[in-house]
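First comes the structure, then the notes that go with it.
All residue numbers refer to positions in the sequence shown, counting from 1. Read the numbers this way: they start at 1 and go in the same order the structure lists the ligands and their atoms.
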Amino acid sequence: MNKNVVVVGAGINGLIAAHYLRRAGLGVTLIERAAQVGGACISEVATVEGHSHKYALGASVLGLMQDFIFQETGLADRLQTYVPEQAKRVHFPDASTSAWIYRDPAQLQRELADKWGERGDAEGFRADEAKVVDYLQEGYRAAVPPSLDEAKLRLGDALTRLWITGSAADLLDHYFTAERSKIYMAMTVTESGPVSLQEPYSAFTMPLMDSGSIFGGYYGFVKEGIWRITEELAQINRERGVDVRLGCKVEGVDPGRGTLHYQQAGQGHAVAFDHLVFATDPLSAARLTGDSGMVHKVEGKRTLGTSGKLNLFFRKPVRWKEASDHPAGDTVFRFIFSVESIADFERSTLRVTSGETDYSPGFIQIYCEGASMRQMGMVEPFDRLAVFFKNMALNQRGEALPEVEAAVKAKVMSLIANPQDCAWARLLAPRDLQQLFLFPGGNIDHTVLTGGQTFFERQFSADPAQQFYQFGSWSNVSYCGAAAYPCGSIAGTPGYMCAQQLIRHMA
Ligand SMILES: Cc1cc2nc3c(=O)[nH]c(=O)nc-3n(C[C@H](O)[C@H](O)[C@H](O)COP(=O)(O)OP(=O)(O)OC[C@H]3O[C@@H](n4cnc5c(N)ncnc54)[C@H](O)[C@@H]3O)c2cc1C
């Protein structure tokens with residue numbers, strides 16, 4: 001294939017798309033606005049008490065990537081990873097109800113019954129979810145766009161209704177009886193944005209978020225930090241002959257003529273393409289094509305994000321009050337809920353949508369990045385925790401919300417025996433995500449994972465049946481950023497599926 005493809009955006013999706021297109025023999029130019037690759041998967045350096053230390057500014061944990069992508073790209077040969085294998089720890093306001101989330105479904109069933117009075121079917125939940133996940137993973141590998149007919153054929157009507165088209169509330173009521181089990185499982189539904197548990201298709205977020213295969217549906221870490229994925233992938237791409245151009249802000253494209261215009265160091269440049277792939281947020285893509293209908297359509301999407309991220313450094317390794325004896329017990333994922341009922345969970349999720357409050361406590365997810373680095377043999381000046389939490393409004397930047405930072409920190413520190421060792425913190429709010437990473441409404445998936453924006457509707461094509469990843473009605477333009485199926489995250493699945501569709505089309 002003697003054709004030239006230009007990919008705009010060197011985040012995970014642009015890098016993966018460029019990789020597979022180049023492997024197929026296409027000429028590939030990858031154009032990135034920033035001075036570095038990575039998009040929302042980058043590091044930043046904080047200098048604290050005389051030590052300079054890197055931390056993950058955007059994404060921190062790896063898990064939704066498909067193992068074949070990790071292997072085929074060559075990342076597996078160059079990066080070391082670590083996955084905490086012990087049960088996760090869940091805390092509720094009533095401390096006596098803290099529970100362990102075991103990997104083994106039968107052990108989990110017993111723990112939930114014991115701690116939360118669960119009388120439902122946790123084992124059945126996991127078994128049915130595994131069927132849906134298998135189906136999704138097969139689709140990713142074959143790069144087959146999602147379709148409800150196909151889902152019904154493979155899973156049957158009942159599972160499709162429960163796990164794909166239905167509401168999270170119905171799914172949870174089907175398998176669980178205890179409020180706390182439902183709250184814990186509902187956590188993934190709101191990770192992307194403020195989705196009501198009653199909304200159609202809200203159930204689908206659960207199997208979707210467990211459909212990574214790199215760690216069998218679990219989440220883990222990359223040695224040094226997750227940003228090594230995008231850094232290394234850019235290096236692999238360069239070695240394979242991808243022309244990576246940094247510091248180049250695309251200012252307009254003319255799909256009719258097959259020309260793209262960009263600015264680099266104050267100079268205007270043009271580059272010709274046979275095919276153009278946008279791996280940016282969808283609003284930038286729409287604006288760059290100058291297609292007002294497309295801009296209008298994208299502006300009508302739900303893009304509100306409600307996640308805050310707090311990075312913390314500690315002078316000495318964090319000591320957990322409830323530590324396990326396991327040698328890697330300090331790497332356990334911990335979740336703190338501020339609500340005890342599913343109704344309060346729902347209220348808290350939806351309260352920030354109107355902007356009536358800056359922060360409505362929901363849940364806090366604690367990822368022990370520094371402890372995991374120690375498991376991979378690293379010696380660092382600070383221990384680090386990556387803390388994701390809900391629910392923040394889009395109103396303010398993190399630095400303007402010291403009271404939110406203090407409230408979240410206090411909850412995290414209540415689990416830690418040496419809070420006095422905390423030396424540094426940085427809060428990012430959805431407004432920061434909007435400004436730092438160009439995420440239109442601060443949503444980490446670029447658009448919310450909700451009805452009308454998920455499964456077969458997670459695309460921007462005028463002809464999704466034939467060209468799922470096409471952008472609008474331009475047959476020579478595709479879109480594969482985080483707002484395309486299946487979703488965002490450090491997975492690159494949209495980039496892979498889009499590249500495969502394009503390769504088939506151009507062959
Ligand atoms: C705070 C935070 C925490 C997160 N945590 C996790 C996590 O722990 N695990 C996980 O899996 N995911 C996480 N995510 C989500 C994940 O980071 C994103 O879904 C993913 O990085 C999106 O990748 P992408 O390639 O689609 O887009 P992006 O990473 O947004 O990349 C798009 C690229 O396009 C470039 N671009 C835009 N406009 C132009 C232009 N005009 N010209 C040239 N270039 C342009 C941008 O500069 C950018 O580099 C997190 C996100 C954030 C913000």
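In summary, the aromatic rings of Y479 and F278 are positioned with their centroids too far apart to meet the 6.0 Å limit. Remark: aromatic rings of Y359 and F389 are close, center separation under 6.0 Å. Aromatic pair F314/F382: centroids not less than 6.0 angstrom apart.
Remark: ligand 1 and A40 share an N or O pair separated by less than 3.5 Å (distance only, no angle test). Note: no N/O pair closer than 3.5 Å links A10 and ligand 1 by distance alone. Where the criterion is an N or O separation shorter than 3.5 Å, residue side chain and backbone included, L438 fails it with respect to ligand 1. In terms of N/O distances under 3.5 Å, ligand 1 is not approached by A34. Inclusion of L433 in the set of residues having an N or O under 3.5 Å from an N or O of ligand 1 is not warranted. Among the atoms of F437, none of the N or O lies under 3.5 angstrom from an N or O of ligand 1. Checking only distances, K249 never comes within under 3.5 Å of ligand 1, N or O to N or O. Checked against a 3.5 angstrom limit, the closest N/O atoms of G9 and ligand 1 fall outside it. Considering both main-chain and side-chain atoms, K309 never comes within under 3.5 Å of ligand 1 through any nitrogen or oxygen pair. Of the N or O atoms in S284, none lie within a sub-3.5 Å distance of an N or O in ligand 1.
Atom 48 (C) of ligand 1 has as its closest protein heavy atom E32 OE1, 3.5 Å. Scanning the protein heavy atoms around atom 40 (C) of ligand 1, the nearest turns out to be V250 N, 3.8 Å. At the shortest separation from atom 31 (O) of ligand 1 among protein heavy atoms lies G11 CA, 3.5 Å. What sits closest to atom 14 (N) of ligand 1 on the protein, heavy atoms only, is A59 CB, 3.8 Å. Of all protein heavy atoms, the one lying nearest to atom 43 (C) of ligand 1 is R33 N, 3.2 Å. Of the protein's non-hydrogen atoms, the one nearest atom 32 (C) of ligand 1 is A279 O, 3.3 Å. Of the protein's heavy atoms, V61 O, 2.7 Å lies nearest to atom 9 (N) of ligand 1. In this structure, atom 24 (P) of ligand 1 lies nearest to the protein heavy atom N13 ND2, 3.6 Å.
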E380 and K54: CA distance, side-chain angles, deciding distance, salt bridge (Lys or Arg N to Asp or Glu O under 4.0 Å) verdict:
CA-CA 10 Å; E380 299 186 298; K54 278 187 185 174; over 6 Å; no
Assess the residue pair R302 and E199 against the criterion (salt bridge (Lys or Arg N to Asp or Glu O under 4.0 Å)); give the C-alpha distance rounded to whole Å, side-chain angles, the decisive distance to 0.1 Å, and a yes or no.
CA-CA 13 Å; R302 285 171 60 179; E199 282 193 38; 3.2 Å; yes
Might you work through the salt bridge (Lys or Arg N to Asp or Glu O under 4.0 Å) test for R238 and D243, ending with a clear yes or no?
CA-CA 7 Å; R238 284 191 188 95; D243 177 1; over 6 Å; no
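With contacts defined as side-chain heavy-atom distances shorter than 4.5 Å, the pair T447/R458 qualifies.
Both tests pass for R141 against the ring of F68: distance under 6.0 Å to the centre and angle within 45° of the axis. In this structure, R103 forms a cation-pi arrangement with Y218, its terminal cationic atom sitting closer than 6.0 Å to the ring centre and no more than 45° off the ring axis.
R287 has no carboxylate O lying under 4.0 Å from a charged side-chain N of E251, or vice versa, which leaves the two without a salt bridge. A salt bridge does not link D432 with K309: none of the charged nitrogens is closer than 4.0 Å to a carboxylate oxygen. Of the charged side-chain nitrogens involved, at least one lies within less than 4.0 Å of a carboxylate oxygen, so that E44 and R426 count as a salt-bridged pair.
When non-hydrogen atoms are compared, ligand 1 lies under 4.0 Å from neither the backbone nor the side chain of A491. Contact annotation: for I490 versus ligand 1, heavy atoms closer than 4.0 Å belong to both the backbone and the side chain. Contacts with ligand 1 closer than 4.0 Å are made by side-chain heavy atoms of F388 only, the backbone lying farther away. Counting heavy atoms closer than 4.0 Å to ligand 1, residue S307 contributes nothing at all. Only the side chain of F439 comes within contact range of ligand 1, with a heavy atom under 4.0 Å; no backbone atom does. If you look at V8 next to ligand 1, the close heavy atoms, those under 4.0 Å, all belong to the side chain. Proximity of H446 to ligand 1, defined as any heavy-atom pair under 4.0 Å, is confined to the side chain (atoms from C-beta onward). Of the heavy atoms in L288, only side-chain atoms (C-beta onward) come closer than 4.0 Å to ligand 1.
Classification of the F335-F333 ring pair by plane angle, with boundaries at 30° and 60°, yields perpendicular. Ring pair F455/Y485 is perpendicular by interplanar angle, where above 60° counts as perpendicular and below 30° as parallel. Ring geometry for Y55 against F313 counts as perpendicular: the plane angle is over 60°, on a 0 to 90° scale with 30° as the lower cut.
Between the D358 side chain and the A393 main chain, no donor and acceptor come within less than 3.5 Å of each other. Using a distance-only test at 3.5 Å, with no hydrogens or angles considered, no donor-acceptor pair links the side chain of E231 to the main chain of V37. Here the side chain of D254 pairs no donor or acceptor atom with the backbone of T259 at under 3.5 angstrom.
Ligand 1 has no atom lying under 4.0 Å from any heavy atom of D445. Assignment of A56 to the shell around ligand 1 is not supported, since no heavy atom sits closer than 4.0 Å. The shell of residues lying under 4.0 angstrom from ligand 1, judged by heavy atoms, excludes L428. Within the structure, the closest approach of L64 to ligand 1 does not fall below 4.0 Å when heavy atoms are considered.
Annotation for ligand 1: atoms under 4.0 Å from non-hydrogen atoms of C248 are 42 (N), 43 (C).
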